[in-house]
Amino acid sequence: MQEAKVYLFTGPEAGDKKDSIENIKNKAQEEAGQLDFYTYYASETRIQDVVSQLQNESLFSSATFIVLKNAELVKGKDADLLASWCKSAAGSPNTLILVTDEKSVDKKIEAAVPSSHKKMF
């Protein structure tokens with residue numbers, strides 16, 4: 001079974017995180033071709049909008065690539081919604097990278113991310 005393209009990058013090291021995100025983005029472009037690329041901040045964006053964007057197909061590209069920064073701020077019902085999408089995302093061409101300078105995020109979200117896709121910087 002194919003793993004979901006969901007990643008969790010924690011810790012304060014920004015340079016290595018940026019390099020890892022760029023590597024994943026390049027791989028996604030090789031696989032899907034054209035990507036819609038977005039960067040959002042959890043404090044400024046509704047999680048419902050992010051999940052909706054991940055669930056819907058793009059009109060102009062093969063896949064969507066989203067980096068969600070400040071992921072430690074996603075809690076409660078938003079965490080439930082995001083975790084639910086993460087669990088059902090296997091086979092989706094879309095990629096979600098959750099980024100935080102903290103050591104962890106909500107446990108529901110952390111549990112929904114494949115263990116091989118979690119990295120502390």
Side-chain angles (χ1 to χ4, degrees):
M1 185 172 155
Q2 185 181 12
E3 286 187 313
K5 295 177 186 174
V6 180
Y7 300 84
L8 175 61
F9 294 158
T10 59
E13 174 51 48
D16 288 342
K17 270 191 233 175
K18 183 179 176 189
D19 292 343
S20 292
I21 291 168
E22 206 51 43
N23 290 337
I24 293 168
K25 181 181 175 187
N26 291 338
K27 184 179 177 186
Q29 279 182 315
E30 287 174 15
E31 290 176 4
Q34 181 72 21
L35 287 180
D36 283 342
F37 179 78
Y38 303 93
T39 299
Y40 296 118
Y41 291 84
S43 59
E44 300 171 356
T45 306
R46 290 177 359 133
I47 298 305
Q48 297 93 329
D49 294 340
V50 174
V51 171
S52 178
Q53 194 169 21
L54 288 164
Q55 289 173 331
N56 296 318
E57 293 184 23
S58 172
L59 294 174
F60 305 106
S61 65
S62 307
T64 300
F65 188 97
I66 295 178
V67 176
L68 181 63
K69 296 185 176 186
N70 302 118
E72 75 279 2
L73 299 176
V74 181
K75 302 199 181 298
K77 290 182 181 180
D78 287 340
D80 292 339
L81 180 63
L82 194 58
S84 177
W85 181 83
C86 293
K87 290 176 185 175
S88 68
S92 171
N94 299 331
T95 302
L96 173 64
I97 301 180
L98 303 164
V99 179
T100 178
D101 290 342
E102 303 298 321
K103 293 182 181 178
S104 65
V105 295
D106 188 283
K107 299 229 181 288
K108 294 171 197 155
I109 297 170
E110 204 162 327
V113 176
S115 59
S116 62
H117 293 184
K118 296 177 193 174
K119 186 168 182 183
M120 182 177 278
F121 293 89

At what distance, to the nearest 0.5 angstrom, does [atom1] of [X] lie from [atom2] of [Y]?
X    : Y   : atom1 : atom2 : answer
T45  : L73 : OG1   : CG    : 11.0 Å
L35  : Q29 : CG    : CD    : 4.5 Å
I47  : L82 : CD1   : CG    : 6.0 Å
K119 : T10 : NZ    : OG1   : 10.5 Å
I21  : K17 : CD1   : NZ    : 8.0 Å
Q55  : S88 : CD    : OG    : 7.0 Å

Which heavy atom in [X] sits nearest to a heavy atom in [Y], and how many Å separate them?
X    : Y   : result
T95  : A28 : OG1-CB, 4.2 Å
D106 : A79 : CG-CB, 3.6 Å
P114 : A4  : CG-O, 4.0 Å
C86  : L96 : SG-CD2, 4.3 Å

Taking salt bridge (charged side-chain N to carboxylate O under 4.0 Å, His left out) as the test, write out the residues that go with [X], two or more places apart.
X   : result
E31 : K5
D80 : K108
D16 : none

Are [Y] and [X] linked, directly or through intermediate hydrophobic residues, by side-chain heavy-atom contacts shorter than 4.5 Å (ILVMFWY only)?
X    : Y    : answer
Y38  : Y7   : no
F121 : V105 : no
V113 : W85  : yes
V6   : L81  : yes
L54  : I24  : no

Over 12 non-hydrogen atoms of neighbours within 6.0 angstrom of NZ in K75: yes
Only pairs under 3.5 Å count here: list side-chain donor-acceptor contacts from residues 62-72, not counting sequence neighbours, and write none if there are none.
unit_1	atom_1	unit_2	atom_2	d
S62	OG	A32	O	2.8
E72	OE1	T100	OG1	2.5

field: Polar side-chain atom of N56 near backbone of S52 as donor-acceptor pair, under 3.5 Å
entry: yes
query: Which salt bridge (Lys or Arg N to Asp or Glu O under 4.0 Å) pairs, counting each pair once, include a residue from residues 40-53, with sequence neighbours left out?
result: R46-D49
query: Going through the distances and angles, do E22 and N26 end up as a side chain to side chain contact (heavy atoms under 4.5 Å, CB included)?
result: CA-CA 6 Å; E22 206 51 43; N26 291 338; 3.9 Å; yes
- prompt: Taking ILVMFWY side chains as joined if any heavy atoms are under 4.5 angstrom apart, and letting links pass through other members, which residues group with M120?
  reply: none
